[in-house]
Undergrad: 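Okay, here's the structure, questions in a sec.
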Amino acid sequence: MIPPSDFTQRVIAAGDPGLREVGVGPWEEEHPDIPRPEGTEYDEELLNAGDRRNVMDRYRYWTVEAIKNDLDKQVRYGFEVAVENWTHDFNIGSIVRTANAFTARAVHILGPKKWNRKGSLMTELYQHVYHHASVDEFLENVTRQAQEKNEPRPRIIALDIVPGAVPIETYDFPERCIMLFGAEGPGLTQKALDLADDVVYISQTGSVRSLNAGAAAAVAMHTWVMQHGKIG
């Protein structure tokens, strides 16, 4: 057996740093002097067993449906997110999670319905997720949805580093738009780029050509929030 390295021994000697516990325990344990809430938004199983989900404190013990309905009523923003899924990119889960964090109006997945949900931490449950079998079907569906609401189709903003793209640092995002992201590595397909109203890239100064797709999506969504959202 190989003995632990000097560095590993130093880590062991330092001891457990004390990770914070996520969520809350059973209601009576957390609030011994407060009667159990009886609103329809509360989940009896969570009240009994505790709520260790990755949700904001204001949604502790709430049902999934109640959280989703409250997001619809309170804070959905004007942007949507679309992701091409031709390569079953593991970043899709991360993009869905970020879309939830910034309360995107909807998430669109182009291609196969199957995608790696590990990175989403179940946040897709709180989102309106639409599936489209092709790029053409995506465009047809979002156009029809807008017509049914008597609204103009949201502008489609592709995020990719290609000739003719404009830097995100100087780009003014439309208040109603769909941000379109491609797969890690190949980026967006040419068909997706062709349907976009604008193409935007994130300026970089290092040696790598592109950001991780999940990171790029987070930068783009936060940029929209900085321009149009409620800050603070």
Side-chain angles (χ1 to χ4, degrees), residues 1-34 36-37 42-64 67-68 70-71 75 81 83 87-104 107 114-127 159 161 168-169 179 181-185 187 201-226 229-232:
M1 181 176 178
I2 301 175
S5 68
D6 290 344
F7 185 81
T8 300
Q9 291 182 50
R10 285 162 51 201
V11 172
I12 295 171
D16 187 339
L19 299 178
R20 290 184 297 150
E21 191 171 43
V22 175
V24 291
W27 179 270
E28 283 77 14
E29 185 179 297
E30 296 285 339
H31 309 281
D33 301 321
I34 303 176
R36 176 180 287 224
Y42 290 99
D43 185 307
E44 283 297 320
E45 290 188 10
L46 294 175
L47 289 168
N48 290 332
D51 188 351
R52 303 297 178 183
R53 299 173 300 174
N54 184 29
V55 297
M56 298 291 282
D57 287 344
R58 66 178 179 272
Y59 292 132
R60 289 295 175 202
Y61 305 112
W62 282 33
T63 68
V64 168
I67 295 172
K68 186 175 181 180
D70 191 66
L71 290 172
V75 292
V81 175
V83 192
T87 62
H88 301 285
D89 189 354
F90 68 89
N91 284 284
I92 291 178
S94 175
I95 293 172
V96 171
R97 179 179 176 182
T98 304
N100 172 265
F102 293 130
T103 54
V107 174
K114 185 178 180 181
W115 50 277
N116 188 339
R117 285 165 167 75
K118 186 175 182 180
S120 70
L121 293 181
M122 305 295 285
T123 52
E124 72 274 9
L125 299 177
Y126 311 107
Q127 290 296 127
L159 277 293
I161 301 178
I168 195 171
E169 296 79 13
M179 300 181 194
F181 302 96
E184 184 74 24
Y201 72 93
I202 299 170
S203 299
Q204 299 165 214
T205 56
S207 61
V208 69
R209 181 183 180 278
S210 64
L211 286 171
N212 166 277
V219 170
M221 286 184 249
H222 190 257
T223 300
W224 186 100
V225 172
M226 291 291 289
K230 184 186 295 184
I231 308 298

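The analysis underlying the following values was restricted to heavy atoms, covering all of them including side chains, and did not include hydrogens, waters or symmetry mates. Position 1 is the first residue of the sequence; numbering continues from there.
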Undergrad: Main chain of V208, side chain of Q204: is a donor-acceptor contact present, judged purely on distance under 3.5 Å?
TA: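 At least one qualifying donor-acceptor pair exists.
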
Undergrad: Going by the rule ring-ring contact (aromatic ring centres under 6.0 Å, His included), which residues pair with F102 if we only count those two or more places apart in sequence or in a different chain?
TA: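 Once residues adjacent in sequence are excluded, the partners of F102 under the ring-ring contact (aromatic ring centres under 6.0 Å, His included) criterion are H222.
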
Undergrad: Tell me which donor-acceptor pairs under 3.5 Å the side chains of residues 1-14 have, and how far apart each pair is, sequence neighbours excluded?
TA:
| from | atom 1 | to | atom 2 | distance (Å) |
| --- | --- | --- | --- | --- |
| S5 | OG | T8 | N | 3.1 |
| S5 | OG | T8 | OG1 | 3.0 |
| Q9 | NE2 | P4 | O | 3.0 |

Undergrad: Quick one: OH on Y126 to CG on L71, what's the gap to the nearest 0.5 Å?
TA: 9.5 Å

Undergrad: Is a side-chain N or O of D43 found less than 3.5 angstrom from the main chain of L46, in a donor-acceptor match?
TA: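 Checked: pair present.
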
Undergrad: Give me the atom names and distance for the closest heavy-atom approach of S203 to E169.
TA: OG-OE1, 2.8 Å

Undergrad: Which heavy atom of V81 sits nearest to which heavy atom of A104, and what is that distance?
TA: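 V81 and A104 have their closest heavy atoms at CG2-CB, 4.3 Å.
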
Undergrad: Give a yes or no answer on whether the side chain of Q127 reaches the backbone of V96 with a donor-acceptor pair at less than 3.5 Å.
TA: no

Undergrad: For D70 and W62, what are the C-alpha separation, side-chain angles and deciding distance, and is it a side chain to side chain contact (heavy atoms under 4.5 Å, CB included)?
TA: CA-CA 10 Å; D70 191 66; W62 282 33; 3.8 Å; yes

Undergrad: Where is the tightest heavy-atom contact between F181 and A217, given as atom of each residue plus distance?
TA: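 Closest pair (atom of F181, atom of A217, distance): CE2-CA, 3.4 Å.
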
Undergrad: Looking only at non-hydrogen atoms, find the nearest pair between G182 and A213 and report the distance.
TA: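 Smallest heavy-atom distance, with atoms named: O-CB, 4.2 Å.
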
Undergrad: Let's go through N54 and R97 carefully: what are the C-alpha distance in whole Å and the side-chain angles of both, what is the deciding distance for side chain to side chain contact (heavy atoms under 4.5 Å, CB included) to 0.1 Å, and is it a yes or a no?
TA: CA-CA 10 Å; N54 184 29; R97 179 179 176 182; 3.6 Å; yes

Undergrad: With rounding to the nearest 0.5 angstrom, report the CG to CG distance, L125 to N100.
TA: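 The CG atom of N100 is 9.5 Å from CG of L125, to the nearest 0.5 Å.
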
Undergrad: Between E124 and K68, is there a side-chain N and carboxylate O pair less than 4.0 Å apart?
TA: no

Undergrad: Can a donor-acceptor pair be found, under 3.5 Å and without considering hydrogens, that links the side chain of R60 to the backbone of R53?
TA: yes

Undergrad: If I take atom CD1 from residue I95 and atom OG from residue S120, how far apart are they, to the nearest 0.5 angstrom?
TA: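 Answer for the CD1-OG pair, I95 versus S120, is 11.5 Å.
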
Undergrad: Supply the atom-to-atom distance N212 CG to N91 CG, rounded to the nearest 0.5 angstrom.
TA: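 Nearest 0.5 Å value for the CG-CG distance: 4.0 Å.
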
Undergrad: With rounding to the nearest 0.5 Å, note down the distance linking CD in E29 to CG in N48.
TA: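 Atom-to-atom, E29:CD and N48:CG are 12.0 Å apart.
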
Undergrad: Check the pair Y61 / V24 against side chain to side chain contact (heavy atoms under 4.5 Å, CB included), numbers first and verdict last.
TA: CA-CA 9 Å; Y61 305 112; V24 291; 3.3 Å; yes

Undergrad: Please give me the minimum heavy-atom distance between T223 and V219, naming the atom from each residue.
TA: OG1-O, 2.8 Å

Undergrad: Taking W27 for its side chain and I34 for its backbone only, find out whether a donor-acceptor pair lies under 3.5 Å.
TA: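 Side chain of W27 to backbone of I34: a pair is present.
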
